[in-house]
Q: 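Let me give you the structure first, and then I'll get to my questions.
Note that the structure is predicted; figures quoted are calculated from it, not measured. Numbering of ligands and ligand atoms starts at 1, following listing order.
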Amino acid sequence: MLLARALEVRERAYAPYSGFHVGAAIAATNGKIYTGCNVENASYGLTMCAEMSAVAQMVADGAQEICEALIIGSGQDICTPCGACRQIISEFAVTTIQIHLCNRSGECQTKTIGELLPFSFNSKFLPPT
Ligand code: THU
C-alpha cells in the first residue's frame with residue numbers, strides 16, 4: 001500500500017531541473033497515509049523534498065507520529081533520504097520505525113530511522129520550555 005501510494009504521488013513530482021522524481025508515503029499511528037513529492041524551483045535551494053512535503057501533509061492533518069515510511073526515486077539505485085529529511089522524519093518517529101528505500105523498479109531496502117540517523121539531535125537536548 002505504501003509503495004502504491006508513493007508511486008502514485010511520484011507521478012506528480014515537479015522536477016524539471018534535476019529530472020529526478022521522488023515520491024514518499026508515510027503511515028501515521030492514526031491509521032492514515034500521507035504522501036508527498038519533490039517540488040523544485042528555479043531558485044534551486046528552495047526545492048522541497050518528497051519526505052518533507054509528506055511530513056508537512058501529516059502535521060497539517062493533525063497527526064504527529066510516524067510508524068513507517070517509504071521513499072521511491074526514479075533512479076536505478078535506491079533513493080536514500082537526504083540528511084535534512086532524516087532529521088525531519090526523526091522529529092516525529094521513534095528510532096526503530098522502518099523506512100523502505102526503493103529504486104524506480106520498486107526494489108527496496110529497509111532501514112530503521114535510527115540506522116539512517118544515529119545519535120540525532122532531538123528535543124531532549126533542549127532546555128524545558
Ligand atoms: N530529493 C528528495 O525529494 N528526497 C531526498 O531525500 C533526496 C532528494 C529530491 C530533491 C531534488 O528535487 C531531487 O531529488 C534531486 O536532488
Q: Could you pull out every donor-acceptor pair under 3.5 Å between side chains of residues 115-129 and any protein atom, sequence neighbours left out?
A:
{"unit_1": "Glu115", "atom_1": "OE1", "unit_2": "Thr112", "atom_2": "N", "d": "2.8"}
{"unit_1": "Asn122", "atom_1": "OD1", "unit_2": "Lys124", "atom_2": "N", "d": "2.9"}

Q: Taking non-hydrogen atoms within less than 4.0 Å of ligand 1, which protein residues qualify?
A: Ser18, Phe20, Val22, Asn38, Glu40, Thr47, Cys49, Ala50, Glu51, Thr80, Pro81, Cys82
Q: Test of understanding: with salt bridge (charged side-chain N to carboxylate O under 4.0 Å, His left out), list the residues that count as partners of Lys32, not counting sequence neighbours.
A: Asp61
Q: Would you check if there is a donor-acceptor pair between the side chains of Glu40 and Ser18 at a distance under 3.5 Å?
A: yes
Q: Would you mind telling me which of Gln109, Arg86, Lys111 makes a side-chain hydrogen bond (donor to acceptor under 3.5 Å, both in side chains) with Thr80?
A: Arg86
Q: Side chains of His100 and Thr110: does their closest heavy-atom pair fall under 4.5 Å?
A: yes
Q: With sequence neighbours excluded, tell me which residues meet disulfide bond (SG atoms under 2.5 Å apart) with Cys102.
A: Cys108
